[in-house]
Protein chains: 2
Amino acid sequence: MKENSLHSIMNADSIAFLGASNNPFTMGTTQIAHLIRGGFEGKVWPVNPREKTVLGVTAYQRVADLPEVPDLAVLVLPTRIVPEILDECGRKGIKRAVIISGGFKERGEEGGKLEEELKSVAKRHGIRFVGPNCIGVINAQRNLNLTFYPYVNGPGPMGILSQSGTYVTQVLPYLAKRGIRYSRAISLGNEADIDLVDGIEYLSEDPETKAIALYIEGIRRGREFVEITKGASMRKPIVAYYVGGTEAGARSGLSHTGAMGGNDIVHDGTFRQCGIVRAPTIELLYDWAWALATTPIPRGRRVAIVSHSGGPVTSMADACARNDIEVPLLSENTQEKIAPMVPETGSTANPVDMTFNTNPGALTDSIPRAIFESGEVDAILIHGIGGSDLIKTMKTEAPDLVPAYISDIERQMVKMHHGLVELRKEMSCPVVASSFDDHTDAAVSYVMKNDIPVYPSPERAAQAMAALMRYADWRKARGNYPS
Amino acid sequence: MKENSLHSIMNADSIAFLGASNNPFTMGTTQIAHLIRGGFEGKVWPVNPREKTVLGVTAYQRVADLPEVPDLAVLVLPTRIVPEILDECGRKGIKRAVIISGGFKERGEEGGKLEEELKSVAKRHGIRFVGPNCIGVINAQRNLNLTFYPYVNGPGPMGILSQSGTYVTQVLPYLAKRGIRYSRAISLGNEADIDLVDGIEYLSEDPETKAIALYIEGIRRGREFVEITKGASMRKPIVAYYVGGTEAGARSGLSHTGAMGGNDIVHDGTFRQCGIVRAPTIELLYDWAWALATTPIPRGRRVAIVSHSGGPVTSMADACARNDIEVPLLSENTQEKIAPMVPETGSTANPVDMTFNTNPGALTDSIPRAIFESGEVDAILIHGIGGSDLIKTMKTEAPDLVPAYISDIERQMVKMHHGLVELRKEMSCPVVASSFDDHTDAAVSYVMKNDIPVYPSPERAAQAMAALMRYADWRKARGNYPS
């Protein structure tokens with residue numbers, strides 16, 4: 001098998017950076033700053049005809065002056081000179097590039113010609129490149145960040161491949177606040193060389209990536225897309241958000257990356273055929289890819305819903321019904337087992353509503369464990385993770401109301417959630433949670449770090465569970481049930 | 001017109017509280033704490049047979065001992081004694097109550113009998129009450145908070161009426177973090193007396209409430225529901241999230257509040273007939289009610305999409321197409337007007353993508369203004385509010401990259417968004433925004449405070465815009481276009 005060229009781009013140890021200066025107003029300067037100061041341990045060589053140093057790092061006047069042949073060149077230059085500088089890179093012996101500069105195919109005929117020129121220069125030198133008109137790439141495990149955005153998350157198991165730069169940059173704080181961590185983030189830009197299909201192949205081979213999130217405006221190599229994704233889906237889940245299927249979406253995408261979208265229903269069928277779970281919005285793309293990257297695949301469609309809140313369990317049950325998830329009545333035997341932990345005003349039937357005013361620890365420990373051990377369900381949906389932020393607020397507002405034994409709120413609330421994390425680990429129990437508390441809550445954050453996704457609403461938890469099941473069904477139908 | 005009894009409950013100046021003690025473990029104690037310490041300026045009289053004071057406030061042994069007849073009694077007592085104590089309240093002359101205690105109709109036959117007893121006691125004394133089995137009510141404008149949750153938001157224009165207590169308590173931090181503020185929050189519980197229909201009538205009359213958010217598990221008085229909502233919808237928008245329509249949802253709701261849900265399609269038709277915008281999830285319920293509470297109703301279905309990000313504008317355009325929102329091509333004249341603010345690599349056609357590397361102030365000022373003034377669109381969708389959190393992160397990570405003139409980041413970023421707020425105010429321009437930055441960002445927070453809703457994704461902004469248009473269509477069809 002030919003090595004996918006993204007491997008060497010993502011693992012570059014030395015990077016020539018063209019287009020950074022000491023002028024803080026330029027994108028190039030911002031980008032090199034993240035590379036130099038973001039913890040990347042490889043070499044970074046700024047190339048700039050007018051600066052001796054860039055942000056304190058020795059700069060070289062020309063590519064030819066570089067002390068060694070770098071593994072990768074990054075180009076953030078005015079459109080017109082990009083082909084010429086890429087040629088210099090080629091003459092130096094550089095084989096990989098990320099071309100951030102825009103102004104090519106997405107700008108119509110003239111830009112298209114420049115893009116052809118770029119391609120022929122690359123071909124002549126055997127250069128494989130990402131872009132042009134992209135925002136860069138991130139290898140989170142190596143702190144290799146070529147984008148203009150500060151890298152704010154810790155590394156994680158979700159791979160992002162996007163035909164929009166925004167969905168690998170501006171979205172980073174959004175993901176960080178939801179505890180969603182990624183392995184690789186790749187902005188494809190115009191795909192003049194390395195394209196969507198290459199990106200999927202790369203991520204499907206990358207051991208750090210457990211599930212792939214795709215943002216798609218248009219697919220260029222249809223046949224290869226089907227071939228690659230069908231194979232990749234047998235190994236790891238792919239979630240796709242496709243927006244080229246409507247007239248307005250297609251028009252917008254055309255001016256964005258020069259890609260032409262097409263018939264929505266056709267794409268829908270293609271995705272289904274290839275085992276790709278299609279997400280209808282950007283939020284659900286990340287939600288579902290995160291669930292698929294972290295959570296064991298359920299063996300069937302039966303879930304137990306547990307909570308201390310009647311409204312959310314009803315919302316969850318309703319969302320399950322709308323997503324073909326079964327919420328079976330629990331057996332009398334199992335109901336008897338959990339009954340001592342559920343007050344009279346609650347319900348043990350499934351949904352299990354233990355109501356708010358009782359031993360809260362049972363919700364995140366003995367109740368889900370007893371239910372999952374019964375073998376009557378394949379997965380657990382739970383609403384009401386958290387609580388440490390509430391107690392902290394209470395402690396400020398009415399300290400005399402917080403019992404004295406609650407001294408170290410965060411530690412104690414985290415401890416209360418140990419049982420759930422153990423259940424998830426010991427029994428490979430698929431657990432998907434929701435809470436109106438978020439990442440600022442110590443318990444929510446603890447649970448999320450331990451591979452239990454926590455969503456901001458009961459319906460989004462149910463929808464993520466449905467995504468897990470949709471993928472499981474596809475694998476099952478091919479006799480390839482995930483181990 | 002008979003006065004709706006919720007008016008006097010929500011405006012109570014003196015409240016007898018039955019079931020609070022100095023034991024921090026009880027819900028009643030937590031509830032009275034929020035009332036006493038949360039800024040409520042009326043009188044609070046704890047009634048407790050065993051305590052001289054409750055949280056430092058003089059307590060009375062019996063209801064009969066109270067110095068005056070309070071406007072309202074709140075009961076958080078063991079189920080069995082609730083009818084008896086309500087009778088004592090009646091004998092004292094109390095006419096309004098909120099009964100938090102559960103264990104009634106939702107607990108089956110025996111509980112049902114107790115609930116009948118409760119109703120007959122109330123009827124005998126002419127007491128109107130909310131509950132039982134509710135979580136309390138909040139009048140945000142008066143800091144009157146009868147729930148066990150700390151009140152975390154400032155008062156605002158959205159009224160919440162819910163058949164689940166969670167959606168007026170646990171959800172409060174969620175709403176606060178999204179800048180969503182409310183006027184009233186009412187947990188209906190079992191609706192033994194005051195019910196959904198009464199609540200809608202009350203909120204439709206309440207001058208502080210500009211739009212109504214309903215969480216519904218089941219409708220008891222169908223005919224009155226239709227009558228009241230049809231009339232109310234002519235004055236202010238109603239958004240409903242109904243979860244009783246599926247078998248699992250109905251089963252869950254039954255054990256939750258004793259309400260029986262019914263056929264989903266029938267309810268869908270009823271809502272449409274009554275001008276109620278139906279939301280499919282709890283997040284969209286609040287999203288849409290917030291948009292309808294803050295944003296002028298668009299005069300038609302034509303929007304301009306503006307952003308500095310290609311991906312989000314394409315997502316927005318796609319979501320518009322799926323929600324019957326028109327994204328018309330702008331006239332050459334208008335495109336010429338905005339062209340100087342959009343670089344060559346961007347697009348002026350609509351969606352307007354000004355790309356990231358240019359004068360960012362135009363996005364939130366001159367571009368939307370020029371477009372709206374053209375009269376070619378009825379509303380503006382904008383992605384990319386914010387930015388102050390990014391610059392703050394940059395300033396920490398690479399201070400030399402942040403230009404010296406950016407000294408007071410938050411103030412300067414807020415100023416950059418003045419133009420949008422002015423456009424919204426001066427021209428009553430319907431503006432709905434999205435951003436991957438959130439409430440922690442000074443600019444996002446400023447815009448939200450000025451009645452421009454900011455959602456966490458482009459699709460949710462488009463969906464909220466669609467909700468505005470759906471309501472507008474209903475009013476227009478009745479010749480009652482909102483002024």
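Letters A, B, ... are given to chains in the order of the sequence lines, protein chains preceding strands, and every chain is numbered from 1.
- In terms of heavy atoms, B/Asp264 sits closest to A/Arg322 at OD1-NH2, 2.9 Å.
- Here the closest non-hydrogen pair linking A/Glu217 and B/Gly310 is OE2-O, 4.1 Å.
- We find the OG-CD1 distance between B/Ser309 and A/Ile135 to be 8.5 Å, quoted to the nearest 0.5 Å.
- Between A/Glu106 and B/Thr355, every side-chain heavy-atom pair lies at or beyond the 4.5 Å cut-off.
- The residue among B/Ile36, B/Ile305, B/Ile282 with the most heavy atom pairs within less than 4.5 Å of chain A is B/Ile282.
- Contact annotation: the side chain of A/Pro173 never approaches that of B/Asp389 to less than 4.5 Å [non-hydrogen atoms, C-beta and beyond].
- Considering all non-hydrogen atoms of both residues, B/Val243 and A/Asp318 come closest at O-OD1, 3.0 Å.
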>> Go through it in stages, so that I can follow the logic: the residues are A/Thr169 and B/Phe436, the test is side chain to side chain contact (heavy atoms under 4.5 Å, CB included), and I'd like the CA-CA distance, side-chain angles, deciding distance and then a yes or no.
In response: CA-CA 10 Å; A/Thr169 50; B/Phe436 294 124; over 6 Å; no
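- Put simply, OG on A/Ser457 and CG on B/Leu285 are 11.5 Å apart, with the number rounded to the nearest 0.5 Å.
- Proximity to chain A (any heavy atom under 4.5 Å) is restricted, for B/His383, to the side chain, taken from C-beta onward.
- Note that CZ of A/Arg460 and CD of B/Glu283 are 4.5 Å apart. Values are rounded to the nearest 0.5 Å.
- Only the side chain of A/Tyr241 comes within contact range of chain B, with heavy atoms under 4.5 Å apart.
- When every heavy atom of B/Gly346 is checked against every heavy atom of A/Arg107, the shortest pair comes out as O-NH1, 3.8 Å.
- Formation of a donor-acceptor pair under 3.5 Å by the A/Tyr215 side chain with backbone atoms of B/Gly311 is found in this model.
- Using a 4.5 Å cut-off on side-chain heavy atoms (C-beta onward), A/Ser164 and B/Pro312 make contact.
- With hydrogens and angles left out, the side-chain atoms of B/Ser315 and A/Tyr167 include a donor and acceptor closer than 3.5 Å.
- Interface summary for chain B: among A/Thr29, A/Thr79, A/Thr166, the most heavy-atom pairs under 4.5 angstrom belong to A/Thr166.
- With a 4.5 Å cut-off on side-chain heavy atoms, A/Arg178 and B/Pro456 count as touching.
- For A/Asn23, no part lies near chain B; criterion is any non-hydrogen pair under 4.5 Å.
- Qualifying side chain to side chain donor-acceptor pair (under 3.5 Å) partners for B/Lys177, counting only residues two or more places apart in sequence or in other chains: A/Asp438, A/Thr440.
- Rounding to the nearest 0.5 Å gives a distance of 6.5 Å between OG of B/Ser307 and CD of A/Gln170.
- Taking A/Tyr455 as the reference, nothing meets the side chain to side chain donor-acceptor pair (under 3.5 Å) condition, with sequence neighbours excluded.
- A/Asn22 does not touch chain B: none of its heavy atoms, backbone or side chain, sits under 4.5 Å away.
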